[in-house]
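Data block below; observations after.
What you see below is based on every heavy atom in this structure, not just the backbone, and it leaves out hydrogens, waters and symmetry mates. Numbered from 1 within each chain, the chains take letters A, B, ... in sequence-line order.
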Amino acid sequence: MIDVRLLREDPEAVAAALARRGVARAEVERVVALDALARQRLRAQEALRAQVKELSRQVREARGAGDSDAAEALVARSRELGHQEKAAAAEAEDAQGALRDALLLLPNLPSEETPDGDGPEDNVVVRRWWPGMEAGAPPPEYGPHQRVPHWEVGQELGILDLERGARLSGSMFPLYRRAGARLIRALSAYALEHHADAYEEIRPPTLVLTDTMTATGHLPRFADEGYHVERDDLWAIPTAEVPLTSLYRGEILDEADLPMRFCAVTACFRREAGAAGRDTRGLLRTHEFDKVELMAYATAEQAPAVHADITSRAEALLQDLGLHYRVVELCAGDLSGAAARTVDLEVYLPGVDRFWEVSSVSWYRDYQARRANIRYRPAAGGPPVLVHTLNGSALAWSRIWPALVETGRQPDGSVRLPDCLAPYLGGETVIRRP
RNA sequence: GGAGGGAUGGCAGAGCGGACGAUUGCGCGGCUCUUGAAAAGCCGUGGGACUUCGGUUCCCGUGGGUUCGAAUCCCACUCCCUCCGCCA
């Protein structure tokens, strides 16, 4: 959530910043009013509480002095004030709850880098990359053998079995076979090793508490997007960002340890409630997919460099894999709620002829850290400071898989995979018909 | 799932319902002594909210309750440890 003090001191600036992402001014004003009410009620309650405590002290003194009549009179007054204090406390709590609910629903302020815009159509393509570009090669020409959608290639080669996946779990739950299954495993191993120099490998749980989902901003706003296990009140994570961000929830870190960087591969679960019927062919949009995620805690000063590092690591993988991609700066209207800035990497899929998001590198400033209460103690002294959180996929395999299969398809129908995966594929970089 | 034990500051570990936001030790920071260091000694060392900057208030796993007053008493829950059962 955003800083309520900033809202209090400069509501105009907050309203202006949030207007860039479509939040009505009235909503900001409502939160400001809730804050004023909550503070007024807190003061009232604390004043009563102070009187009760003072009377309690006097009771003890009167008893000590052996004056039980005076003590009884004080007890009676204190009891009366105690009832008032209880009522005042309930009112204060109501107001604070309303304020918190409202604050949790306010999205983050967009960063300076973030361009204006209402939706995906206003995002800005920053650059493109394709194999051989540095050597002056023109953008790739794709042959007819590459213009085959991955679901057809997958069926042809017996490495993707969407029908049987649907039999087990319903549509949009993919099932990979043979070299297709091994490819996912190879990609995960390859990426984790690539990041191992600077990012600690974590294997987190994939079912998490409501608090864990709330810390990253996935709840309460996006409850419809999450799979929820009612019986145990647990949520299936939509991304490893969720458990990684909460790793140090409620803790105070040492500045010397920052930035702290983590890497995890997990299954990710998304209901895709708002996208029913869209992009349903093949692997374009699935309810479950594997993804390697990079996540970092940093100081405000370190954050831009960490954002750049995560982006360049994701790009390095794409380049290693020989995939054609572009880098997109998201506009204010297309940012997810918690993000201040997001850069998407979109890979080109020749078989379906479109760029498709495979990584989303985001900087949250202290928005998530405030929800999660993650701070660091400044080396120079002074009170603890909220960390900045950042994360990015590197990468989402359910979209890299199609890109590799379509890009690598050869005229004879076999698929050639990039050499960098050879060590993880037992040297078998060509997938042929069974 | 059953039985028992536990949860207090960075760590260890005290804490008969009233002077306890908390004894003490370790750690950490500063100072004295010293050429320097060690040792010794002295001082200081949690977090949050509100504030008219004087203060006020909250936090002893979490949430309720009893009481004029709760770290302390009661109830529920969570987590950790030990043993039993089950199991990959």
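Using a 4.0 Å cut-off between charged nitrogen and carboxylate oxygen, A:K53 and A:E46 do not count as a salt-bridge pair. Salt-bridge check for A:E225 with A:R271: failed, with every basic side-chain N at 4.0 Å or more from each acidic carboxylate O. For A:K291 and A:E293, the salt-bridge test passes: some basic side-chain N is under 4.0 Å from an acidic carboxylate O. Taking the charged nitrogens against the carboxylate oxygens, A:E251 and A:R375 have no contact shorter than 4.0 Å, which rules out a salt bridge. A salt bridge is defined here as a Lys NZ or Arg NE, NH1 or NH2 lying under 4.0 Å from an Asp or Glu carboxylate O, and A:D35 with A:R5 fails to meet this definition. Using a cutoff of 4.0 Å between basic side-chain nitrogens and carboxylate oxygens, A:E72 and A:R77 are not scored as salt-bridged.
Taking atom C1' on both nucleotides, B:G15 is separated from B:G85 by 38 Å, rounded to a whole Å. Taking the C1' atoms as reference points, B:G46 lies 9 Å from B:G10, given to the whole Å. B:A71 and B:C59 are spaced 7 Å apart, taking the P atom of each and rounding to whole Å. For the C1' atom pair drawn from B:A37 and B:U51, the interatomic distance equals 48 Å after rounding to whole Å. The P atoms of B:G9 and B:U23 are separated by 13 Å, rounded to the nearest whole Å.
We find that CZ of A:R41 is positioned 25 Å from P of B:U56, with the value rounded to whole Å.
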Sort me out a list of protein N/O and nucleotides 69-72 of chain B N/O pairs below 3.5 Å, or just none if empty.
{"from": "B:G69", "atom 1": "O4'", "to": "A:S56", "atom 2": "OG", "distance (Å)": "3.0"}

Produce the list of close N/O pairs, under 3.5 Å, pairing protein atoms with atoms of nucleotides 73-77 of chain B; give distances to one decimal.
none

Protein-nucleic acid N or O pairs under 3.5 Å, nucleotides 46-49 of chain B:
{"from": "B:G47", "atom 1": "OP1", "to": "A:R377", "atom 2": "NH1", "distance (Å)": "3.1"}
{"from": "B:G47", "atom 1": "O3'", "to": "A:R375", "atom 2": "NH1", "distance (Å)": "2.8"}
{"from": "B:G48", "atom 1": "OP1", "to": "A:R375", "atom 2": "NH1", "distance (Å)": "2.9"}
{"from": "B:A49", "atom 1": "OP1", "to": "A:R5", "atom 2": "NH2", "distance (Å)": "2.7"}

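Residue pairs meeting the ring-ring contact (aromatic ring centres under 6.0 Å, His included) criterion with at least one member in residues 157-187 of chain A, sequence neighbours excluded: A:F173-A:H287, A:Y176-A:W401.
Its glycosidic angle being within 90° of 0, B:G54 falls on the syn side.
Candidate nucleotides B:U57, B:G64, B:C68 were compared by shortest atom distance to the side chain of A:A50, and B:U57 ranks first.
Within the 4.5 Å cutoff, no side-chain heavy atoms of A:F269 are placed close to those of A:T239.
The aromatic rings of A:F262 and A:Y297 lie perpendicular to each other, with more than 60° between the two planes, well past the 30° mark. Note: A:H194 and A:Y190 have tilted aromatic rings, judged against thresholds of 30 and 60 degrees for the angle between ring planes.
Pairing of B:G69, defined by two Watson-Crick or G-U wobble distances under 3.5 Å, is not identified with any nucleotide.
Between the side chains of A:Q368 and A:T389, at least one donor N or O lies within less than 3.5 Å of an accepting N or O. Looking only at atom types and distance, the side chain of A:D344 has no donor-acceptor partner in the side chain of A:Y325 under 3.5 Å away.
The stretch residues 28-35 of chain A does not touch RNA chain B, since none of its heavy atoms comes less than 4.0 Å from the strand.
If you look at A:W363 and A:H307, their ring centroids are not closer than 6.0 Å.
Every residue meeting the side-chain hydrogen bond (donor to acceptor under 3.5 Å, both in side chains) condition with A:R25, not counting sequence neighbours, appears here in chain and number order: A:E12.
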